[in-house]
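Have a look at the structure below, then the notes.
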Amino acid sequence: MEKILYELTNRESDTVAMEDRKYRKELIRAGEWVHPQAPNMKFKVTLDRMKEWLKNFKKGLFKVFIPKRHSENPDDNTGWVEDLQIEGKKLYGVLNVQDEETAQKIDAGTIQDVSISIDPNYEDSHGR
């Protein structure tokens with residue numbers, strides 16, 4: 001099944017360094033998103049949709065990895081999302097970045113934006 005990538009381009013998105021290569025970062029907020037290379041691909045994010053993602057994440061139905069440059073190669077994973085939190089109309093992730101080079105870029109402000117991949121038909125290995 002094809003994955004659909006939606007990008008949140010937000011220079012004002014806050015990234016807060018926590019402890020030892022952990023960061024709290026805004027992932028997405030409620031609203032309508034448009035794929036930057038395909039203006040006809042629109043995706044509506046509601047607070048209810050974010051609550052559903054949070055509930056499924058807490059149940060362990062999926063894991064979120066942090067790849068380099070949108071790669072699907074497991075060797076390119078730099079860490080994972082440890083937790084999700086909703087504040088207001090924004091979804092935040094607690095990122096555990098194990099790759100030192102990536103952590104240095106985040107600390108230096110070189111990495112500011114975030115891209116998320118949303119599979120509307122996602123099923124885990126148990127068909128959930």
Q: List in chain and number order the residues that pass side chain to side chain donor-acceptor pair (under 3.5 Å) with Asp107, two or more places apart in sequence or in another chain; answer none if no residue qualifies.
A: Tyr23

Q. Mind checking whether Leu54 and Val64 sit in one hydrophobic cluster, side chains of I, L, V, M, F, W, Y counted as touching below 4.5 Å?
A. yes

Q: Begin with the C-alpha distance, continue with both residues' side-chain angles, and end with the deciding distance and a verdict on side chain to side chain contact (heavy atoms under 4.5 Å, CB included) for Ile28 and Trp33.
A: CA-CA 9 Å; Ile28 197 163; Trp33 296 96; 3.4 Å; yes

Q) For the side chain of Thr78 and the backbone of Lys68, is there at least one donor-acceptor N/O pair under 3.5 Å apart? A) no

Q) Which residues pass the side chain to side chain donor-acceptor pair (under 3.5 Å) test with Thr102, sequence neighbours left out? A) Asp99

Q) Taking side chain as C-beta onward, heavy atoms only, is Ile86 less than 4.5 Å from Leu47? A) yes

Q. Quick check: are there more than 12 heavy atoms from other residues, nucleotides or ligands sitting under 6.0 Å from NZ of Lys89?
A. no

(Q) Set out, in order, the CA-CA distance, both residues' side-chain angles and the distance that settles side chain to side chain contact (heavy atoms under 4.5 Å, CB included) for Val45 and Trp53, then state yes or no. (A) CA-CA 11 Å; Val45 176; Trp53 292 337; 4.2 Å; yes

Q) Side chain of Arg49, backbone of Lys44: donor and acceptor closer than 3.5 Å? A) yes

Q.
Testing Arg29, Lys51, Glu26, Met50 one by one against Leu91 for a side-chain contact (heavy atoms from CB on, under 4.5 Å), which residue passes?
A. Met50

Q: Go through the steps to decide whether Val94 and Val81 satisfy the test side chain to side chain contact (heavy atoms under 4.5 Å, CB included), and finish with yes or no.
A: CA-CA 6 Å; Val94 175; Val81 176; 5.9 Å; no

Q | Audit row: Ile106, Val97, side chain to side chain contact (heavy atoms under 4.5 Å, CB included) steps and yes/no | A | CA-CA 10 Å; Ile106 293 170; Val97 178; 3.9 Å; yes

**Q.** Euclidean distance, Leu27 CG relative to Lys90 NZ, rounded to 0.5 Å
**A.** 12.0 Å

Q) Are Tyr92 and Trp80 connected in the hydrophobic side-chain network, where two residues link if heavy atoms are under 4.5 Å apart? A) no

Q. Tell me, which pairs form a salt bridge (charged side-chain N to carboxylate O under 4.0 Å, His left out) where one or both residues lie in residues 75-88, sequence neighbours left out?
A. Lys22-Glu82, Arg24-Glu87, Lys58-Asp83

Q: Report the distance from atom CD of Glu52 to atom NZ of Lys55, rounding to the nearest 0.5 Å.
A: 4.0 Å

